[in-house]
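Here is the structure we will look at.
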Number of protein chains: 2
Amino acid sequence: MRDVAALAKVSLKTVSRVVNGESGVSPRLTKRVLSASHRLAYRHNLTASTLRRSDGRSLTIGVVLEDVANPFASTLHRAIEDVAVAHKVLVLAGSSDEDPGRERQLVSAFASRGVDGLIIQPSSHDHRYLQRERNTGTAVVFVDRPPAFLVADAVVTDNAAGIRRAVQHLVEQGHRRIGYLGDVHLIATAAERHRGYVEELAEQGIEVDQSLIRLDLRGIEKAEAAATELLTSSRPPTALVAGQNLITIGAFRALRKLDLHRRVALVGFDDFVLADLLEPGITVIAQDPAAIGKTAAGVLFRRLDGDRSPWQEHTVRTRMITRGSGEIRP
Amino acid sequence: MRDVAALAKVSLKTVSRVVNGESGVSPRLTKRVLSASHRLAYRHNLTASTLRRSDGRSLTIGVVLEDVANPFASTLHRAIEDVAVAHKVLVLAGSSDEDPGRERQLVSAFASRGVDGLIIQPSSHDHRYLQRERNTGTAVVFVDRPPAFLVADAVVTDNAAGIRRAVQHLVEQGHRRIGYLGDVHLIATAAERHRGYVEELAEQGIEVDQSLIRLDLRGIEKAEAAATELLTSSRPPTALVAGQNLITIGAFRALRKLDLHRRVALVGFDDFVLADLLEPGITVIAQDPAAIGKTAAGVLFRRLDGDRSPWQEHTVRTRMITRGSGEIRP
DNA sequence: CGGACATTTGACAACGTTGTCAGAAAGACA
DNA sequence: TGTCTTTCTGACAACGTTGTCAAATGTCCG
């Protein structure tokens, strides 16, 4: 910048003004500065700029995801990026692998780099530690799951309602023995979904049969094993509800191996690519990760723009996509 | 830091020494500083640190991907992150959407933030502009596709060899009329794959029939249309090679709709989830994005550690996964 | 033409840290 | 005890910017 100023024969401050697009520099000088900075291939140093600025903005936000390679998370990531780009902001992303310690490390590393805001898909079960970041002016928004022990903005799927829709749909097809395969119960969303299942059965006047429920299933293999167990029991279900992506795939694998995939109904929670190309196509309650990400980023930037309204939980609705597996009658 | 120094009754510089783990601070003072910084909830400001340091390291790298939500790219991303984490480095990620202008904007935004290195999945067809970043000490590594007009480190899949393996496999099953569905030819990897197809046919003594080849297919729909066209022509192929992920899916869709999925063979390039659950399972030439990412990040950090050896192109091998669709005989 | 006012420009300090270098304290040895 | 090392500590400047404030220049009016 000093070199540019020298070449353009103006002061440092004038160059700064031009670079930042501040008003009050005559066109003549602006042009001189621009041509000088172009000739010297000058590049603005945002590190120094951030340090000096009164608001300390780094034009960077941090995103903590369960795993950047997971399709749900990476779609979130992309939606956030699209909003960020429109604000000339870049995205630092990190994977927590469902590990609370890792989540905190990432937040800390982001904070050290002076991010303006954080979007967190939480793994931790206590977010009071984030109070410190908020006090220093960092905006925080949670996605996919609500925060614990901290009142904050969050954008979540309406999990219970989604599962209730699935159960209702199966009852409409004539099912009464509907099994449920759920994820680790400690995860707030998994608990919500299980709650939806229980509530809708009650609503439909069907008694909950614990022998048709398997929880704490992590990954395809566990789900496949649990589904196989249910399906080969003495009083098997005529339909299955899978509480998560990989569980749906595991359940389908089990159905296929037992050659029951055209006789037992299956509705999964969360859509996945190719669900339509399986035989039968898998009926799912689809979440909308892109909408979640877009909403969350929107909230974040509104906070950064000074929005001081009360913290709010935003709910993104699910959509049922019928493809065949959920329309099998008992 | 000033407050910590005051509370611990030491100088600023001593706090700095403790924070950076420099040697030569007595255990007594170290302890005092640590407890003071803990009491004040002090957080090291990496922005200021980067600005002042002689090497200017920001402990951040930038990654330009075609789309962070694309499975191939996000797997790359995750593999890079894992290596970066081990070096206490964070990852800024951005999507170029195959747009050269966007690629340059991202690189520029990363450079402004003082990234130590760049990993680029290129969309641009001229990378001379990166010379400037390299001159300022930023390490650059290309992934998935080689750079153009710039000699640099790159980590790529052995595309031609992979496709040759596919063709060879189909010939072994007795096929002679093998169709090829390829991606936009401007993309270096797509051209490589097409080359592999042509070369292997020559090797096998089969004449190339242009009526069996469709190039420049972008997305599932285009691929499906092209495959349908080939399959319904007067002299249709008995086997198809798909040059990319989405093209494979499009081709499979076409086969399914024409009810030819058990009569015409299909081998796809690049694996995808659930390829094993389709009927028949899809035989693919699998790339290894995790290995590409890991290798690229390894090269990058070696460069940052001072490796001055000549630029090199690293090749990651493909693997054929047979699942049924490629083993259909004519 | 002088004065009031608006616009444009620049000098200087400061952001929070680390590199340099010199000084103080502690230990070793005659 | 005095001197010479060695180890530890701190004062100060500097990194590349931007905020503040005052000075310089331009414009308009009576």
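Chain identifiers are assigned alphabetically (A, B, ...) following the order of the sequence lines, protein sequences preceding nucleic acid strands; residue numbering begins at 1 within each chain.
- For the contact set between residues 34-52 of chain A and DNA chain D, defined by any heavy atom under 4.0 Å, the members are A:Tyr42, A:Arg43, A:His44, A:Asn45, A:Ala48, A:Ser49, A:Arg52.
- In terms of phosphate contacts, B:Ser16 brings a side-chain nitrogen or oxygen within less than 4.0 Å of OP1 or OP2 of C:dT18.
- If A:Arg53 and B:Arg53 are placed on DNA chain D by their nearest nucleotide, the residue sitting closer to the 5' end is B:Arg53.
- When the P atom of C:dA25 is taken as reference, atom CZ of B:Arg28 falls 12 Å away, rounded to whole Å.
- In summary, A:Lys294 and A:Asp288 do not engage in a salt bridge, as defined by a charged side-chain N under 4.0 Å from a carboxylate O.
- Residue contacts for A:Val19: at a heavy-atom cut-off of 4.0 Å it reaches no nucleic acid atom on any strand shown.
- From B:Thr14, atom OG1 reaches atom CE of B:Met1 across 9.5 Å, with rounding to the nearest 0.5 Å.
- Under the 3.5 Å distance criterion, with hydrogens and angles disregarded, a donor-acceptor pair is assigned to the side chains of A:Thr60 and B:Arg113.
- When heavy atoms are screened at a 4.0 angstrom cut-off, B:Ser26 is found touching the sugar-phosphate backbone but no base atom.
- Residue A:Met1 contributes atom CE, which lies 15 Å from atom C1' of C:dC12 at whole-angstrom precision.
- The aromatic rings of B:His87 and B:Phe301 lie parallel to each other, their planes meeting at an angle below 30°, with 60° marking the opposite boundary.
- With no hydrogens or angles considered, no side-chain donor-acceptor pair links B:Thr50 and A:Thr47 at under 3.5 Å.
- To the nearest 0.5 Å, atom CG of residue A:Leu76 and atom CD of residue A:Gln287 are 9.0 Å apart.
- Nearest nucleotide to the side chain of B:Thr14, out of C:dT9, C:dA11, D:dG10: D:dG10.
- One atom, CG of A:Leu12, and another, P of C:dA13, lie 14 Å apart when rounded to the nearest Å.
- Atom-to-atom, NZ of B:Lys13 to P of D:dA13 comes out at 15 Å; the value is rounded to the nearest Å.
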Between protein and nucleic acid, restricted to nucleotides 22-26 of chain D and to nitrogen or oxygen atoms under 3.5 Å apart, what atom pairs and distances do you find?
none

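- Taking atom CG on B:Leu29 and atom C1' on C:dA26, their separation rounds to 14 Å, with Å as the unit.
- Taking atom NZ on A:Lys31 and atom C1' on C:dT8, their separation rounds to 19 Å, with Å as the unit.
- Put simply, OG on B:Ser95 and NE2 on A:His77 are 6.5 Å apart, with the number rounded to the nearest 0.5 Å.
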Chi angles and distances behind the side-chain contact (heavy atoms from CB on, under 4.5 Å) call for B:Val299, B:Gln312 = CA-CA 9 Å; B:Val299 172; B:Gln312 204 184 329; over 6 Å; no
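- For the pair B:Arg2 CZ and D:dG10 C1', the interatomic distance rounds to 16 Å; values are reported in whole Å.
- A donor-acceptor pair shorter than 3.5 Å can be found between the side chains of A:Arg53 and A:Ser49.
- For the OP1/OP2 pair of D:dT18 and a distance below 4.0 Å, the side-chain nitrogens and oxygens of A:Ser54 include no atom meeting the criterion.
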I would like to know whether B:Val64 and B:Gln121 meet side-chain contact (heavy atoms from CB on, under 4.5 Å); could you show each step before the answer?
-> CA-CA 6 Å; B:Val64 180; B:Gln121 181 184 17; over 6 Å; no
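- Across all strands, B:Arg17 comes closer than 4.0 Å to base atoms (heavy-atom distances).
- As rounded to whole Å, 17 Å separates atom C1' of D:dC15 from atom CZ of B:Arg57.
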